[in-house]
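Structure record follows, encoded as structure tokens.
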Amino acid sequence: MSVDPTLLDDLEWRGLIANSTDLDALRESLTSGSVRFYVGFDPTAPSLHMGHLVQVLTAKRLQDAGHTPYALVGGATGMIGDPKDSGERTLNNLDTVKDWVERVRRQIEPFLSFDGPNAATMVNNYDWTASLSTIDFLRDIGKHFPVNRMLARDVVRTRLEAGISYTEFSYVLLQSLDFLNLYRDHGVTLQFGGSDQWGNLTAGVELIRRADGGHAHAIATPLMTKADGTKYGKTEGGALWLDPEMMSPYAFYQFWLNVEDAKVGELLRVFTFLGRAEIEELEAQHAEKPFLRAGQRALAEQVTTLVHGAEETARIRDASAALFGGGDLTGLSPATLGAALREAGSTTLDGDEPMPNVVDLLVAAGLTKSKGDARRTVSEGGAYLNNVRIEDPDLVPGPGDLIGGSWLVLRRGKKNFAGVEVR
RNA sequence: GGCAGGUUGCCCGAGCGGCCAAUGGGAACGGACUGUAAAUCCGUCGGUGUAUACCUACGAAGGUUCGAAUCCUUCACCUGCCA
């Protein structure tokens, strides 16, 4: 298998290397043959999110360059919990973890190729830890971890204030053991992960050195944050989920389309497979005419296609164009409008029933969480029926308001659309 | 095991018998300005068609009181110090 010698330069150009062990040695190893590498995903939720996507796509970049992926799902580490600054995690039960492991595995698989000379392999660390005895673990692994060094880690130091259980304190040993096992059994010599994983990554490298005298590498990808340094996904739905059940593809697309100007270039590099020339061209366009938002459009198009497929993306693009196209919705065909609203979110009403007032409709359509919220929104001037501001919360739409005889278009604020289909 | 402190709304954090649906900050939401951007400014931010009202809520369950987030008891969890 021949490898792409420019891989590391490309990763650097994309800003994907926030931290790494000996970069020169890694470069040599990555250019001299197919490197077996691994990246792990702990099942902390039923779905992967934006942060995981960076890792999934990076794995794909490495595979595309000729290297061999081992995608690890943390059936074992997910039972323990990686310590985080904000405090002790709640343990999930085995059934939940197993379910989430399966879901996560299915989300990762489409991104990697499981055929060919550098086919990917899925592994689950539960397989080699479940039967491990405590004595063996403490003797063979624990012996290589000086507690004074473990205490010096940032997370641990932070957590010593608030408290940390032995369970979470031990997490790093499990993840390091993963690396050691994959190194021994599969010749894996590179692990990467988010920069919040840096301590875990280097601990693995060190374990391989101490236990086997082996030499392995680690790369940390940067943590994605907004221009003001805060995390993404602090909005209503929380994280940016990849699972269409947890976040509609339409909402997913809209997220990328609405990304702040200052981050477009960075996100294009990290989350798309567009080449350097294309991205620099988009950045130039964007710098010149930011209001056209060519960068955001390309970003939304590319990422949504990667995650939800080209067909779905085309539907969403058309829906977005229809809804945001302009003021006059009555000019749209009912079919186009219906398709758009079904992407954006809609509810149906029985035409034989009396039409509810606009407050109830806002709640039914999911635009507001309660009637009080709906009234408030109306009084704030933030609710619209067919793109016309609603002044009266008691307003009951009449037959003349039904576009194409069946659709009401509700909007909250500037960009939250929902449809009501009457039939 | 002993002693001390803590557990408040999405998050952080005030409140320490009535004026508390609960100060403040952040997040979020709406408006203005724009480009479905950022920044800024203004407003909102438990529920019920509108009530000096009722319901839900201040870790859980009881109790004291005309009245409790605020006092007492028990329980759970967390933190620190001592053993």
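Chain A is the first sequence line, chain B the second, and so forth, proteins listed ahead of strands; every chain is numbered from 1.
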- Message: Please determine whether any donor N or O and acceptor N or O are separated by less than 3.5 Å between the side chain of A:Asp261 and the base of B:G35.
- Response: yes

- Query: When the P atoms of B:G13 and B:C3 are considered, how many whole Å apart are they?
  - Reply: 27 Å

- Task: Indicate, with a heavy-atom threshold strictly under 4.0 Å, whether A:Ser370 touches base, sugar-phosphate, or nothing.
- Result: sugar-phosphate

- Answer yes or no: does a side-chain N or O of A:Asn416 lie under 4.0 Å from OP1 or OP2 of B:G30? yes

- Query: Does the side chain of A:Arg297 get closer than 4.0 angstrom to OP1 or OP2 of B:A37 through an N or O atom?
  - Reply: no

- Message: B:G47, OP1 or OP2 - any side-chain N/O from A:Arg376 closer than 4.0 Å?
- Response: yes

- Query: Is A:Lys371 side chain donor-acceptor paired with the B:U50 base, going by distance under 3.5 Å alone?
  - Reply: no

- Item | side chain to side chain donor-acceptor pair (under 3.5 Å) evaluation trace for A:Asp4 with A:Thr6 | CA-CA 6 Å; A:Asp4 179 357; A:Thr6 67; 2.8 Å; yes

- Query: Rounded to the Å, how far apart are A:Ile164 CD1 and B:G80 C1'?
  - Reply: 17 Å

- Message: Measuring to OP1 and OP2 of B:A37, would you say a side-chain N or O of A:Lys414 lies under 4.0 angstrom away?
- Response: yes

- At under 4.0 Å between heavy atoms, what does A:Arg412 touch on the DNA or RNA strands: base, sugar-phosphate, or nothing? sugar-phosphate

- Give one of base, sugar-phosphate or nothing for A:Tyr384, where a contact means two heavy atoms less than 4.0 Å apart. sugar-phosphate

- With a non-hydrogen cut-off below 4.0 angstrom, is A:Ser320 in contact with a base, only sugar-phosphate, or nothing? base

- Query: Are the side chains of A:Leu190 and A:Tyr38 in touch, meaning some heavy atoms are under 4.5 Å apart?
  - Reply: no

- Just checking A:Arg411: base, sugar-phosphate only, or nothing, at a heavy-atom cut-off of under 4.0 Å? nothing

